[in-house]
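Have a look at the structure below, then the notes.
Counting starts at 1 for both ligands and their atoms, in listed order.
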Amino acid sequence: MTQEELRAIIAHFDINGSVSEIKPLGEGLINDTYKVVTTEQDAPDYVLQRVNENVFPDVDMVMRNIKAVTTHIRKKLEEQGEDDIDRKVLRFVPLKEDAERLYAVVDGKYWRLMVFVPDAVTKQAVNAESSRAAGLAFGKFQAMLADLPVQLGETIKDFHNMEFRLQQLKEAIAKDAMGRVKEPQVQQMLREIEKREYEMCKAERMGREGVLPKRVCHCDTKVNNMMFDKRDNVLCVIDLDTVMPNFVFSDYGDFLRTGANFVSEDDPDMRAVGFNMEIFKAFTEGYLESAKGFLTPVEVENLPYAASLFPYMQCVRFLWDYLSGDKYWKVQYPQHNYIRANNQLHLLLSIEEHLPEMKEFVARCVQ
Ligand code: GN1
Ligand code: MG
């Protein structure tokens with residue numbers, strides 16, 4: 001995209017100040033993101049983002065969800081007398097031509113603009129202290145949205161439905177678009193996946209039996225989807241595209257998947273992959289502190305399962321993309337998605353070793 005094209009998109013939005021510079025921002029794998037710097041001292045900077053309509057087929061639904069969620073949280077923070085609210089919840093900028101609309105369609109592409117949160121940092125890794133803060137923040141996020149008056153849409157259908165993800169993998173195997181299914185390392189991974197199929201689909205079964213509710217969840221609680229201030233306090237949760245009703249396992253499990261892995265999700269050194277119990281403990285304490293008021297005993301008891309579910313699910317999803325031709329996640333080299341899948345499998349193996357200790361710890365937290 002040229003600067004002129006980007007400026008023409010920004011012109012649709014009701015911004016303060018005038019644009020001086022637009023530069024790429026962040027390392028998200030799904031949406032394209034830019035920082036929009038304004039000339040005036042007192043005007044905020046902005047973040048311009050193109051929403052990937054291949055991943056989010058109903059952008060209007062995404063933006064309606066986001067509007068409902070950010071408005072509700074803003075109201076709560078105001079009622080609680082919080083200061084500095086613009087750094088604690090994202091503010092999306094409406095269109096000049098329609099103050100109710102939070103996105104512009106330009107040449108068939110979907111764009112949105114939000115106020116840049118100043119003096120904030122994102123992290124690729126957390127320590128015990130920031131994990132505790134993250135646990136508190138995600139628990140609080142779910143708690144604040146527990147009384148959301150509107151029903152949110154499911155922006156990606158069956159996003160964290162394990163039965164669906166396995167079905168998708170099976171279809172990719174049947175198609176074998178890249179001829180990769182026969183690779184010995186793929187075969188071995190498929191055996192590991194198969195062994196755990198029944199256990200890992202437990203949440204869907206409990207959902208059907210009516211013993212596990214769906215609640216408003218963030219559904220992408222990665223470490224880098226949170227903003228911290230300079231003193232390591234969580235300011236706000238970002239990347240709200242996937243906010244939708246789901247089992248709470250999503251937010252708890254997906255955070256630990258990235259936060260408690262000793263290495264990043266695509267580190268090729270499998271001996272370095274492993275589950276960091278110190279991070280697990282800190283995050284769990286924080287999460288339960290803010291969430292135990294609304295969690296049911298079944299939800300609490302299954303948190304260790306949730307921690308194993310997400311590496312498993314991500315292994316299945318990365319392998320699905322590897323077998324289908326790397327269309328979903330950007331790859332830097334041909335084996336990248338396989339390496340990611342293998343990394344997640346090794347994380348799962350490490351979690352399985354710790355499960356008894358994890359169960360004990362969770363039980364102690366709620367005693
Ligand atoms: C995607 O966009 P990003 O990087 O925050 C994905 C997550 C995966 C993650 C794995 C909408 O998240 O579910 O866990 O990649 N988001 C979507 O890196 O598929
Ligand atoms: Mg992100």
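Under a 4.0 Å heavy-atom criterion, Phe310 is not in contact with ligand 1.
Numbered from 1 in the order shown, with element, the atoms of ligand 1 that lie under 4.0 Å from a heavy atom of Arg257 read 10 (C), 14 (O). Close approach to Asn225 involves these atoms of ligand 1, each under 4.0 Å from a residue heavy atom: 5 (O). Atom numbering of ligand 1 starts at 1 in the shown order; those under 4.0 Å from a heavy atom of Phe56 are 11 (C). Near Ile156, meaning under 4.0 Å from one of its heavy atoms, ligand 1 places the atoms 11 (C). The distance from ligand 1 to the heavy atoms of Tyr328 drops below 4.0 Å at these ligand atoms: 11 (C), 17 (C), 19 (O).
Residue pairs that meet the side chain to side chain donor-acceptor pair (under 3.5 Å) test with at least one member in residues 288-298, sequence neighbours left out, are Thr296-Glu299.
Residue contacts with ligand 1, taken as heavy atom pairs separated by less than 4.0 Å, do not involve Asp241 at all. Of all the heavy atoms of Asp239, the ones lying under 4.0 Å from any atom of ligand 1 belong exclusively to the side chain. Heavy atoms of Arg340 found under 4.0 angstrom from ligand 1: none, in either backbone or side chain.
Some N or O of Trp329 is nearer than 3.5 Å to an N or O of ligand 1, by distance alone. At a 3.5 angstrom cut-off on N or O pairs, His160 does not count as close to ligand 1.
Counted by atom type alone, Tyr312 and Glu352 present zero donor-acceptor pairs between their side chains at under 3.5 Å. At a cut-off of 3.5 Å, with distance as the only test, a side-chain donor of Arg165 or Gln168 sits close to an acceptor on the other residue. With 3.5 Å as the limit, one finds no donor-acceptor pair spanning the side chains of Asn342 and Gln185.
Remark: side-chain polar atoms of Arg87 are paired, donor with acceptor, to backbone N or O of Pro118 under 3.5 angstrom.
Annotation: cation-pi pair Arg340/Tyr338 absent, no NZ/CZ under 6.0 Å from the ring centroid and within 45° of its normal.
Cluster partners of Val19 are Met1, Leu6, Ile9, Ile10, Phe13, Ile15, Ile22, Tyr34, Val36, Tyr46, Leu48, Val93, Leu95, Val106, Trp111, Leu113, Val115, counting Ile, Leu, Val, Met, Phe, Trp and Tyr whose side-chain heavy atoms approach within less than 4.5 Å, directly or via other members.
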* Asked: Which is it for His336 and Phe318 under the ring-ring contact (aromatic ring centres under 6.0 Å, His included) test, yes or no, and what are the steps along the way?
  -> CA-CA 9 Å; His336 204 161; Phe318 283 143; 8.6 Å; no
